[in-house]
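Working notes, beginning with the structure itself.
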Amino acid sequence: MNMENLSERAVNYAAEKTNELLTKAIAQAYADGYNTGYKECAEKYDIDLYEDVDFVDLDLPSGLLWSSKYRENEEGNTLYLTYEEASAFDIPTEEQVYELVDYCNWQHLMGYIGRGGYDIRQPVGKYCKSENGKQISFDDKGMKYINSNYVPQGIRFWLRDDDDGAEKKSVYIKSDLHDGKPVVTIEKKEADKALLPVMIVKR
C-alpha cells in the first residue's frame, strides 16, 4: 500500500471515529502541551473541536455566539487552564465581553452554600439573558495558581490578548449588580502560573 492510499484511509477513519476519539486526542494534546498542533490538525481535516460545546445565540449585534457555560472536563468539572492552554480555543476579547454586558440583562444565580451546619441561600454566580429569551451562565468558580493554595473568588475567565508579555488579560465580574448590569474589571494575570476557567465564542 503506498503512502497516499494510507493517508487517505487514515483521514477517512478519523472522520468516522470523530465522536469517539476526539475527546481522548484533545485531552492527550493538553497533557503533552501540543494545543496548537491539534487545533491546526482539526482545521486541516475540517474536524470540529467544539462539537460537544453548546453555543447560544444571544442576538448580539456582532452575531457572536457564546458557550452556555465554562469549558468542562469529561467528569463535568470546570477546567482551569493557563493562558497558553486557553488560547487554543476561541476565547472572547475585552470588547466582546463589554458587548455581552451592554446587550444582556444580568441576574444573580442563586444556590445553597453549607455554612455552620446550615444551608445558606446566596448568589453562586450570574446569568445573562438576551431579549430573545436565551441565556448563558457564569458560576462563581474563582481561579487558581500553580503550586499555590491561594484561590481568589469571583467570576473570572481568560480573554484574548495578542500583546507580548508574561501577563495576559482576564475578566473579573464582581458580585454587584446595578440596574441589571455587572461591574466588570479587566485584569492582567501571569500567563504560565494563573489557572482560570474558559468561555468559548464562535463567529
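Val198 and Ile146 fall into different hydrophobic clusters, where Ile, Leu, Val, Met, Phe, Trp and Tyr residues are linked whenever their side-chain heavy atoms come under 4.5 Å apart, directly or through other members. When hydrophobic clusters are built by joining Ile, Leu, Val, Met, Phe, Trp and Tyr residues whose side-chain heavy atoms come closer than 4.5 Å, directly or via intermediates, Trp66 is not grouped with Tyr172. The same ILVMFWY cluster, assembled from side-chain heavy atoms under 4.5 Å apart, contains both Tyr98 and Leu159. Under the 4.5 Å side-chain heavy-atom criterion for ILVMFWY residues, no single connected hydrophobic cluster contains both Tyr80 and Tyr145. Under the 4.5 Å side-chain heavy-atom criterion for grouping Ile, Leu, Val, Met, Phe, Trp and Tyr, Tyr112 is not connected to Leu109 through any hydrophobic cluster.
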Mind running side chain to side chain contact (heavy atoms under 4.5 Å, CB included) on Asp90 and Lys202 for me, showing each step along the way?
CA-CA 7 Å; Asp90 290 323; Lys202 183 176 182 181; over 6 Å; no

Pair Arg160, Tyr83 - check side chain to side chain contact (heavy atoms under 4.5 Å, CB included), show working.
CA-CA 9 Å; Arg160 179 70 59 189; Tyr83 180 81; 4.1 Å; yes

Checking side chain to side chain contact (heavy atoms under 4.5 Å, CB included) for the pair Arg121/Met110: CA distance, chi angles, key distance, verdict?
CA-CA 7 Å; Arg121 190 171 187 268; Met110 304 302 292; 3.5 Å; yes

What's the verdict on side chain to side chain contact (heavy atoms under 4.5 Å, CB included) for Leu81 and Phe89, showing C-alpha distance, side-chain angles and the deciding distance?
CA-CA 11 Å; Leu81 305 177; Phe89 296 101; 4.2 Å; yes

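Taking every heavy atom of both residues into account, Trp106 and Leu100 meet most closely at NE1-O, 3.5 Å. Of all non-hydrogen atoms in Leu60 and Cys104, the two that sit nearest each other are CD2-SG, 4.3 Å. The minimum heavy-atom distance linking Pro92 with Met199 is given by the pair CD-O, 3.2 Å. Between Pro197 and Thr78, the shortest heavy-atom contact is CB-CG2, 3.9 Å. Pairing each heavy atom of Val201 with each of Gln96, the nearest pair is CG2-OE1, 4.1 Å. Closest heavy-atom contact between His108 and Tyr127: O-CE2, 3.6 Å.
Note that CD1 of Ile136 is 9.5 Å distant from OH of Tyr70, once rounded to the nearest 0.5 Å. Remark: Trp158 CH2 to Glu84 CD distance equals 11.5 Å, nearest 0.5 Å. Summarising the geometry, atom OG belonging to Ser137 is positioned 9.5 Å from atom CD1 belonging to Ile155; distances are rounded to the nearest 0.5 Å. Going from atom CD of Glu94 over to atom CD of Glu99 covers 13.5 Å, rounded to the nearest 0.5 Å. Distance CG/Asp54 to CG/Leu65: 10.5 Å, rounded to 0.5 Å.
The closest donor-acceptor contact from the side chain of Asp59 to the backbone of Glu131 lies at 3.5 Å or more, if one exists at all. Using a distance-only test at 3.5 Å, with no hydrogens or angles considered, no donor-acceptor pair links the side chain of Asp139 to the main chain of Lys141.
Looking at heavy atoms from C-beta onward, Val171 lies in side-chain contact with Ile186 at the 4.5 angstrom threshold. Between Val56 and Gln135, the closest side-chain pair of non-hydrogen atoms is not below 4.5 Å. For the pair Leu177 and Lys126, the minimum side-chain heavy-atom distance is below 4.5 Å. Leu64 is listed as a side-chain neighbour of Arg203, based on a closest heavy-atom distance under 4.5 Å.
With a 6.0 Å radius and a threshold of 12 heavy atoms from other residues, nucleotides or ligands, Lys181 has its NZ atom above the threshold. Lys69 NZ: 12 or fewer foreign heavy atoms inside a 6.0 Å radius.
Note on ring orientation: taking the six-membered ring where Trp is involved, the planes of Phe138 and Phe157 are parallel (angle under 30°, cut-offs 30° and 60°).
A salt bridge is defined here as a Lys NZ or Arg NE, NH1 or NH2 lying under 4.0 Å from an Asp or Glu carboxylate O, and Asp161 with Lys188 meets this definition.
Each of Leu196, Leu195, Asp192 was evaluated against Thr82; a single residue qualifies, Leu195, per the side-chain contact (heavy atoms from CB on, under 4.5 Å) test. Applying the salt bridge (Lys or Arg N to Asp or Glu O under 4.0 Å) test between Glu187 and each of Arg156, Lys169, Lys168 identifies Arg156 as the sole match.
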